[in-house]
Structures are given as C-alpha cells and as structure tokens.
**Q** 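Below: one structure in structure tokens.
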2 protein chains.
Amino acid sequence: MISKTVKNSIGREVLTEIQGIGSLAPFAGAFARLDGSYSWTPKAPCRTVPAFGHKKLAQDLTEAIKRSGLQDGMTISFHHHLRNGDDVLPQVIRAIEGLGIKNLVLAPSSLTDSHEIVAQAVRGGTISRIHTSGVRGEIGRMISRGEMEIPVMIHSHGGRARAIQEGRISVDVAFLGAPTCDTMGNMTGSTGKSACGTLGYAQLDARYASHVIAVTDNLVQAPLMDRISIPQYLVDQIVVVDSLGDSSKIASGPARISKDPVNLKIAENAFDLIRVSGLLVEGCSFQVGAGGASLAVAKFVRDYMKERSVQGSFGIGGITGYMADMLEEGLFRALFDVQSFDSSVTKSVAGHPNHKEIDASWYANPFTAGCVVNDLDVVALAALDVDVDFNVDVLTGHDGVLRGASGGHCDTAAGAKLSIITVPSIREGVPSIKDRVQTVVTPGETVDAIVTERGICINPLREDLTKAAYDGGLPVKAIEDLKAEIERMTGVPDPVEFDDRIVGAVEYRDGTIIDSIRRVV
Amino acid sequence: MISKTVKNSIGREVLTEIQGIGSLAPFAGAFARLDGSYSWTPKAPCRTVPAFGHKKLAQDLTEAIKRSGLQDGMTISFHHHLRNGDDVLPQVIRAIEGLGIKNLVLAPSSLTDSHEIVAQAVRGGTISRIHTSGVRGEIGRMISRGEMEIPVMIHSHGGRARAIQEGRISVDVAFLGAPTCDTMGNMTGSTGKSACGTLGYAQLDARYASHVIAVTDNLVQAPLMDRISIPQYLVDQIVVVDSLGDSSKIASGPARISKDPVNLKIAENAFDLIRVSGLLVEGCSFQVGAGGASLAVAKFVRDYMKERSVQGSFGIGGITGYMADMLEEGLFRALFDVQSFDSSVTKSVAGHPNHKEIDASWYANPFTAGCVVNDLDVVALAALDVDVDFNVDVLTGHDGVLRGASGGHCDTAAGAKLSIITVPSIREGVPSIKDRVQTVVTPGETVDAIVTERGICINPLREDLTKAAYDGGLPVKAIEDLKAEIERMTGVPDPVEFDDRIVGAVEYRDGTIIDSIRRVV
C-alpha cells in the first residue's frame with residue numbers, strides 16, 4: 001500500500017488519507033481551526049426505532065449482538081472506565097468471534113492492559129481498523145511491528161468527542177459497561193460491585209451510536225435511585241453478565257503520592273512555577289493526573305491553598321481521590337469529572353452535589369461553544385519524552401514502540417493558561433529531552449514549561465513567565481542547555497530505527513494530523 | 001394558495017405539504033411507525049466553532065442577536081418553562097424587530113399567555129411561520145381567523161423532540177431563559193429569582209440548535225453550584241437582562257385541588273377505574289396534570305397508596321407540588337420531571353436526589369430506544385372535547401378557535417397502560433362528547449376510558465377493562481348512550497362554521513399529520 005503524505009506546519013510527514021476514514025488534513029497550528037470561522041455539521045448514524053413494547057433485556061451477548069444488526073465492516077465502541085479490570089470488551093469480542101463477524105472497526109475511548117484480546121482479534125480478522133486514545137502491551141507492539149494493514153488512528157479525549165460528533169467516528173453498536181443499570185436502561189457508573197465513578201466518555205457513544213447495548217452485572221428495578229449517567233432513551237438493549245471484570249483492578253486503590261526523591265523535586269519545581277505564575281489565587285482552576293510527580297504537585301498546591309485560605313473554583317479531569325478530598329475540604333467549589341482514576345473517587349461521584357459528572361465534549365471537545373479545559377488555569381501533565389521545541393510525546397517510548405495514550409494531554413495543554421510538563425530528566429539511563437520527539441502528541445506552542453528535577457525550561461513564547469520565574473529565583477534553564485547538561489551524563493543515545501511504513505496517525509484535537517507513528521524495524 | 005390534502009387513516013383531511021417544511025405523511029395509526037422497522041437519521045444544523053478565548057457575555061440582546069448571525073428566514077426557539085410570566089420571548093422579539101429581521105420561523109416549546117406579542121410580530125412580518133405545542137389568546141384567534149399565510153404546525157412535547165432530532169425543526173438560534181447561569185454558560189432552572197424548576201424542553205434546543213443564547217437575570221461566578229440543566233459547552237452566548245419576567249406568574253403558587261363538586265365526582269370515578277384496573281400496586285407509575293379533576297385524582301391515589309402502604313416506582317410529567325410531596329413521603333421512588341408546573345416544585349428539583357430533571361426525548365420522544373411514557377402505568381388527562389370514537393381535542397374549543405396545547409397528551413396516552421380522559425360532561429352549557437371532535441390531537445385507539453361526572457365510557461377495544469369496571473360496580477355507560485343522555489339536557493349545539501382554508505396542521509408524535517385546523521368563518 002502506498003501512502004500519500006504531506007509535511008504539516010511543524011514539519012512532520014503525515015498521511016493525507018486512511019482507507020475507510022477518507023481524507024485527512026495536516027496540522028496547521030494548535031488554534032488554526034479555532035479562529036471563529038470554522039463550521040461543522042453534527043452527523044450521527046441512522047437509528048432504528050424499536051418496536052413499541054420491545055423488551056430491552058437480551059438473553060446474552062450473542063443474542064444482543066444478533067438483535068443489534070452488527071455486520072462485517074461496522075464500527076463498535078466501548079468505554080475504558082473499568083480501567084485495567086475491564087472484561088466487557090473481551091467478552092464482547094469473544095461473542096463476536098463466535099458469530100464470525102469480520103473486519104470491524106474498533107473505536108473504544110481507549111484500550112487498557114485488560115484488552116490484550118484485541119491483538120488476537122486483529123490477527124483473526126475480526127478487527128481490521130482501530131480508533132483509540134491509547135494502547136498498551138501487545139496491542140502496541142503488534143501495531144508498531146506493522147501487523148495491521150490500515151494505520152491505527154489516535155485521538156485525544158476531546159478529539160474523540162469531536163470525531164464522534166462530526167461523524168468521523170460513526171459508531172454502529174456501542175457496548176457500554178454499566179456498573180448499575182435499571183430495567184428501563186438508565187445507567188450509572190457510581191454504584192454496584194463494579195463501580196468505576198463517572199461514565200463521561202461513554203455518554204458520547206450513547207448519544208451518537210446507531211445502537212446502544214448496556215452490559216451490566218447489577219440490574220436493578222427501575223427507576224434507578226442513583227445519579228443517572230446515561231438515560232434509558234439512548235439504550236436499546238440490556239445484557240446481564242456475571243461480571244464486568246476484575247473488581248480489584250476496576251476499583252484500584254487510591255493513587256499514592258510518590259516518595260521518589262526525583263519526582264518530589266520535580267513536583268516542588270512545578271509548584272514553585274505555578275506559585276510565581278500568579279495563577280494560584282482565589283478562584284483558580286486546576287488539573288493534575290495521577291502518575292509520577294502529579295499527585296505531589298497537587299499536595300503542594302493543597303497545602304498552599306489551605307495555608308493562605310485560597311478557595312479554587314474547580315478541579316477537572318481524570319479525578320483522583322486526592323482531588324475529591326480537596327472538594328470535601330472546600331478547596332474547590334466543584335469538580336468536573338469525565339473519568340475517575342481510582343476507587344476512592346466513587347463515593348464522591350455518587351454523593352457530592354458538586355462533584356459533576358461531565359461528558360467528553362463538556363470536558364475537552366474544541367468544537368463546542370466552550371469546553372471546561374478552555375477555562376482551566378493550570379494543568380500539570382506527564383510525558384514520555386519532550387524536545388527542544390517543547391513538543392511532547394506520550395505515545396511512543398524510547399524504543400519507539402506504541403505504548404501510551406493521548407488522553408486529555410493536548411486538550412488541556414491548549415486550553416490551560418499555564419501548562420506544565422513534568423518529566424524526570426533521565427529515565428532508565430536515557431535522556432528525556434530530545435532534539436525531536438519521536439511522536440508529537442502535544443505541540444510545543446501549547447506547552448508553557450518543562451519541569452525536571454534539574455531545572456525548569458520555559459517556552460520562549462512566554463516571556464512573562466520567564467521573567468516571573470527568574471524574579472522568583474527558580475532554577476530556570478534554557479532547554480538546549482539542560483539537554484546538553486543531561487547528555488554530558490548519559491551520552492546521546494542511538495536513534496531508534498524505523499522504516500518508512502506508517503502504522504499510525506496521531507490526530508490533533510481539531511481533527512488535523514499532527515504526526516505519524518512508524519514501523520519499528 | 002392551493003393546499004394539497006389527503007384523508008388519513010381516521011378519515012381526517014390533512015395537508016401533504018407545508019411551505020418551508022416540505023412533504024408531510026398522513027397519520028396511519030398510533031403505532032404504525034413503531035413496528036420496529038422505522039429508521040431515521042439525526043440531523044442538526046451546522047455549528048460555528050467560536051474563536052478560542054471568545055467572550056460569551058454579550059452586552060445586550062441586540063448585540064447577541066447580531067453576533068449570532070440571525071438572518072431573514074431563519075428559525076428561532078424558546079422554552080416555555082417561565083409559564084405565564086415569561087418575558088424572554090417578548091424582549092427577544094422586540095430586539096429582533098428593532099434590527100429589522102423578517103420572516104422568521106418561530107419554534108418555541110409552547111406559547112403562553114405572556115406571548116401576545118407574537119400576533120403583532122406576525123402582522124409586522126417578523127414572524128411568518130410557527131411551530132408550537134400550543135397557543136393562547138390573541139395568537140390563537142389570529143391563526144383561526146386565517147391571518148397567517150402558512151399554516152401553523154402543532155407538535156406534542158415528544159413530537160417536538162422527535163422533530164428537532166430529525167431536523168424537521170432545525171433551530172438556527174435558541175434563546176433560552178436561564179433562571180441562573182454561570183460565567184461559563186452552565187444553566188439551571190431551579191435557582192434564582194426567576195426559578196422555574198426543570199429546563200427539560202430547553203435541553204433539546206441547546207443540544208440541536210446551531211447557536212444558543214442564554215438569557216439570564218442571575219449571572220453567577222462559575223462553577224455553578226446547583227444541579228446543571230444545560231452544560232456550558234452548548235451555550236454560545238450569555239446575555240444579562242434585568243428580569244426574565246413577572247416572577248409572580250413564573251413562580252405561580254401551588255396548584256390547588258378542585259372543590260368543584262363536578263370535578264370531585266369525575267376524580268372519584270377516575271380513581272375507581274384506576275383501582276379496579278389492577279394497576280395501582282407496588283411499583284406502579286403515574287402521571288396527572290394540574291388542571292380540573294387531575295389533582296383530585298392524585299389525592300385519591302395518594303390516600304389509597306398511603307393506606308395500603310403501596311410504594312409507586314415513579315411519577316412523571318409536568319410535575320406539581322402535589323407529586324413532589326408524594327416523592328417526599330416516599331410514595332414514589334423517583335420523579336421524572338420535564339416541566340415543573342408550579343413554584344412549590346422548585347425546591348424539590350433543586351435538592352431531592354431522586355427528583356430527576358429529564359429532557360423532552362427522555363420524557364416522550366417515540367423515536368428513541370425508550371422514553372419514560374412508554375413505561376407509564378396510568379395517566380389521567382384533561383380534554384376540551386371528546387367524541388364517540390374516543391378521539392380527544394385539546395386544541396380547539398366549542399367555538400372552533402385555537403386556544404389549547406397538544407402538550408404530552410398524545411404521548412402519554414399512547415405510552416400508558418391505562419389512559420383516562422377526565423372531562424365534565426357539559427361545559428358552559430355545551431356537551432363535551434361530540435360525534436366528531438373538531439380537532440383530533442389524541443386518537444381514540446390510544447384512549448382507554450373517558451370519565452365524566454355522569455359515568456365512565458370505556459373504549460370497546462378494552463374488553464378486560466370493561467369487565468373489571470362492571471365487576472367493580474362502576475357507573476359504566478356506552479359512549480353513545482352517555483352522549484344522548486347529555487344531549488337530552490343540553491340539546492345538540494349548532495356546528496361551528498369553518499371554511500375550507502387550513503390554518504394549522506396537527507402533527508402526531510411520530511411526525512404524521514393527524515388533523516387540520518380550519519379557518520373559523
């Protein structure tokens with residue numbers, strides 16, 4: 001297959017077309033389509049009105065799939081709110097394999113460690129195309145080795161919402177794990193033995209898919225007495241299964257603050273930068289993730305807010321128990337939660353009136369009248385690699401193999417007033433600052449600072465921030481200098497060897513293609 | 001203008017086309033399109049992505065209208081949750097008149113007593129076409145006199161939701177009164193000086209309009225701490241006005257139970273029928289309105305449930321304070337509330353976790369995977385007139401002049417296991433049972449019984465119910481007999497004189513045309 005490519009505005013060679021998706025526009029700058037002139041038309045697939053009096057409850061997954069009308073070549077979707085414990089996707093894929101349906105497009109909100117079956121389903125011809133935010137393990141290796149004929153398409157969370165609303169991802173059948181579902185089809189994520197918190201990503205699938213199947217291990221008599229994540233009128237069928245998955249992995253324990261001294265130093269530097277930015281004042285809004293230095297950044301912020309009696313307006317994101325605690329303590333007036341990161345969040349989602357469950361468009365879809373990330377003051381984000389142009393890679397590691405997730409990275413970086421990338425300067429002996437990251441997920445123009453344990457690099461576009469950091473006595477370094485400093489210790493690693501074959505396209509949130517993932521030799 | 005018409009399945013002559021709407025299908029039976037084979041495609045108008053960093057707050061309505069791009073011939077929408085106190089529609093119409101924009105399509109969820117300005121706007125050329133659930137006063141007289149060149153289109157609440165989702169109503173600019181709105185555009189109906197309870201009808205407009213303007217008299221700093229009715233990402237602009245309207249009419253006092261002996265007798269008969277139907281058991285669901293005998297029916301039901309310790313599953317509808325009290329007392333497990341009827345409901349909407357705010361599709365849209373009315377056990381509905389075929393008219397009164405609203409009448413009648421029409425046998429000396437109602441809104445095949453103070457008429461299609469009523473010793477009468485009995489007292493009134501000109505089309509919930517409204521001579 002000969003792929004047509006073009007160089008985009010940051011010099012990356014990107015595909016101009018993918019079979020089954022159609023033509024693709026090259027990335028032209030993070031805000032190029034956000035100048036007020038871009039128009040689009042919502043597009044959803046055809047829906048069949050169920051017969052009056054139709055029974056939603058299907059006997060099993062196989063019957064539900066048959067009744068859905070799923071056929072070769074159609075698109076199926078899933079959410080990944082059940083994290084590494086999800087067994088909904090594997091059970092459904094097995095049932096589809098049993099029915100002999102082939103060449104499906106798999107379009108989940110993301111793929112986790114529990115989805116290894118996908119690699120087998122690709123090899124067996126059940127799945128021939130993938131849209132996802134991220135991949136892990138064997139699926140990533142399979143793609144990087146070039147085992148899929150059609151390149152995988154990587155979306156951000158906001159970008160996936162946009163793609164679904166634009167019809168770029170047109171879901172025929174959505175299989176949505178429902179920790180609790182009532183007999184009329186009303187679903188919630190916040191109660192039940194497989195409770196996972198919000199169902200923010202799934203809400204878009206429910207609204208835009210042609211056919212929606214709720215898969216539950218906790219069917220209750222209607223009306224559902226909990227907060228309803230997805231209303232009955234979007235749910236065509238209900239299937240009861242024994243279990244949605246491994247509850248110890250679905251309801252993973254609360255994320256803990258890193259005790260690693262490198263991470264703590266990174267967090268301290270990041271916090272100092274947030275402090276001198278002047279944004280940490282009454283009414284500030286904030287997002288951090290769960291990994292690496294992130295929670296430690298949150299701890300510094302929390303202590304500071306408590307000490308100064310600063311009340312923030314809202315926290316967003318991927319919400320950890322730590323953020324839920326800050327809501328409980330009154331440090332935020334509200335949380336906007338599209339995805340709950342750990343089990344300690346569930347109670348807050350279920351019961352706190354200002355813990356708002358939001359869908360992926362509300363969270364981060366750039367093609368809306370205003371998603372929450374647009375009003376964000378500060379975001380602290382992790383990275384696999386960064387480069388001297390402040391581009392960030394969260395998809396391919398040092399070995400070039402696909403193993404990460406786009407997530408809300410580029411969405412929040414673009415939306416926030418201050419976007420900070422926290423990254424250890426060296427990982428497994430390899431420097432994290434490159435001349436050129438392998439895969440750009442978040443473009444440098446939307447990154448304000450890269451913070452390592454060895455110093456803070458501020459994007460030259462942000463003269464104000466540079467001045468504030470210098471005035472505050474922070475360890476500011478030019479990124480080229482920090483890179484050289486690190487390389488004096490590590491040496492310059494050999495580049496990963498790729499061939500020309502493009503195995504994946506990385507879509508920016510606005511639907512343009514920002515980079516390509518190449519086959520690893 | 002020569003109108004093409006055809007006779008539909010109940011023998012009514014209906015339009016096959018309306019200018020600007022296109023072709024219309026004749027009604028073919030209440031469940032003809034609900035046999036499991038009907039497919040449709042969601043269709044929403046083009047949306048323009050606001051420039052990044054765009055300010056939502058407009059200086060005034062005029063500026064907001066200009067920024068919205070509203071032009072001659074476009075469609076504007078409003079909700080009627082502010083009831084007879086609404087001043088949002090009048091203020092917007094005046095601003096549009098000031099800008100000289102002409103020939104608009106007006107597509108509110110309904111029109112109330114506070115919307116008389118519409119008649120003037122039609123005469124002045126600002127509005128040339130109307131979609132609505134109902135009309136009152138001068139607007140109805142104007143239409144019935146034939147002052148509009150293009151026939152008005154009447155929708156049920158579920159039908160309007162369907163029409164919006166199908167793109168039959170394609171809203172260019174929605175002006176949505178927001179009793180409280182935050183600076184990011186998140187809206188609620190349940191707090192603020194103009195609080196009106198839910199914003200269920202407006203939610204569809206927000207989701208499907210090309211451009212959405214929140215009009216508020218209570219702008220608060222984001223994040224909104226209340227239950228969010230409409231999320232920020234659907235709201236393009238915010239306009240602050242002094243007042244949304246007359247708060248004494250917006251927050252009208254709680255509906256009171258009729259003391260009229262005729263209404264009480266009707267209610268008693270209706271309750272007896274509900275009782276013998278066998279539906280009033282644990283887990284029953286229920287809808288009544290606020291007018292006439294309705295609340296008294298609710299009172300009998302409540303007393304019975306309390307006495308027998310029966311807990312219902314849910315109440316729906318237009319919710320009165322009476323239903324909110326029943327939720328509070330535990331007589332229902334939940335309320336599904338698309339529209340709050342009086343001020344006493346507001347607190348419950350704002351604070352009770354099982355008082356669910358639902359949109360019009362969730363409530364009653366037949367083209368969904370299952371709206372709440374489909375799961376309804378019992379509904380008690382009012383009427384202007386009924387006929388011997390059990391057809392119900394809630395639009396045109398004895399004088400043939402348009403003065404009512406379709407509302408959720410035909411939606412709930414079709415969905416409920418038992419649909420009861422409560423109507424006094426005589427109103428202002430005129431019998432309520434006709435040979436043929438002037439305007440069919442709800443077809444007889446979906447009506448199980450007509451209950452008057454003089455007896456109960458059961459639809460011959462319901463042999464089971466007839467038997468239960470006889471066995472229960474209820475005053476069952478054949479409808480022709482009751483009609484004759486009434487006419488012996490009143491005489492047979494002269495028919496209203498109409499000419500051939502059709503001034504309105506009544507759409508059934510499934511999009512087919514069930515009847516025509518004719519010009520009164």
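Each chain gets a letter, A, B and so on, in the order the sequences are listed, and its residues count up from 1. Basis for what follows: all heavy atoms, side chains included, without hydrogens, waters or symmetry-related copies.
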**Q** Looking at chain B, which one of S37(A), G53(A), C46(A) has the largest number of heavy-atom pairs inside 4.5 Å, strictly under?
**A** C46(A)

**Q** At a heavy-atom separation under 4.5 Å, does R227(B) approach chain A through its side chain, its backbone, both, or neither?
**A** backbone

**Q** Taking atom CD of E63(B) as the centre, does the number of heavy atoms from other residues, nucleotides or ligands within less than 6.0 Å exceed 12?
**A** yes

**Q** Taking all non-hydrogen atoms of both residues into account, name the closest pair between T41(B) and A44(A) and its distance.
**A** CG2-O, 3.4 Å

**Q** Does any heavy atom of chain A fall under 4.5 Å from the side chain of V212(B), the backbone, both, or neither of them?
**A** neither

**Q** Given heavy-atom pairs under 4.5 angstrom as the criterion, report whether the side chain, backbone, both or neither of K43(A) touches chain B.
**A** neither

**Q** Would you say that more than 12 heavy atoms from the other residues, nucleotides or ligands in this model lie under 6.0 Å from the NZ of K417(B), or not?
**A** yes

**Q** Side chain, backbone, both or neither: which part of N354(A) has a heavy atom under 4.5 Å from chain B?
**A** side chain

**Q** Output the option from G351(A), S313(A), G283(A) having the highest count of non-hydrogen pairs under 4.5 Å with chain B.
**A** S313(A)

**Q** Among F336(B), W40(B), F314(B), which residue has the highest count of heavy-atom pairs closer than 4.5 Å to chain A?
**A** W40(B)

**Q** Based on non-hydrogen pairs under 4.5 Å, which of P223(A), G415(A), P50(A), P42(A) is most in contact with chain B?
**A** P223(A)

**Q** Give, as side chain, backbone, both or neither, the part of P45(B) having an atom under 4.5 angstrom from any heavy atom of chain A.
**A** backbone

**Q** Calculate, to the nearest 0.5 Å, the distance between atoms CG and NZ belonging to L224(A) and K356(B) respectively.
**A** 6.0 Å

**Q** So what's closer than 4.5 Å to chain A heavy atoms on Y208(B): side chain, backbone, both or neither?
**A** neither

**Q** Report the option among V235(B), T48(B), N374(B), N186(B) that has the most heavy-atom pairs separated by less than 4.5 Å from atoms of chain A.
**A** T48(B)

**Q** With Q221(B), which residues qualify under side chain to side chain contact (heavy atoms under 4.5 Å, CB included), at least two apart?
**A** R333(A), T183(B)

**Q** Only distances under 3.5 Å count here; give the side-chain donor-acceptor pairs of residues 361-370 of chain B to other protein atoms, sequence neighbours excluded, each with its distance to 0.1 Å.
**A**
residue	atom	partner	partner atom	Å
S361(B)	OG	Q165(B)	NE2	3.1
S361(B)	OG	N365(B)	ND2	3.0
W362(B)	NE1	Q232(A)	OE1	3.4
Y363(B)	OH	Q287(B)	OE1	3.4
Y363(B)	OH	Q287(B)	NE2	3.0
N365(B)	OD1	F367(B)	N	2.8
N365(B)	ND2	Q165(B)	OE1	3.4
T368(B)	OG1	N365(B)	O	3.0
T368(B)	OG1	G370(B)	N	3.1
T368(B)	OG1	C371(B)	N	3.4

**Q** Is it the side chain or the backbone of K56(B) that comes within 4.5 Å of chain A heavy atoms, both, or neither?
**A** side chain

**Q** Are the side chains of Y233(A) and I358(B) in touch, meaning some heavy atoms are under 4.5 Å apart?
**A** no

**Q** Contact part of F31(A) toward chain B, heavy-atom cut-off under 4.5 Å: side chain, backbone, both or neither?
**A** side chain

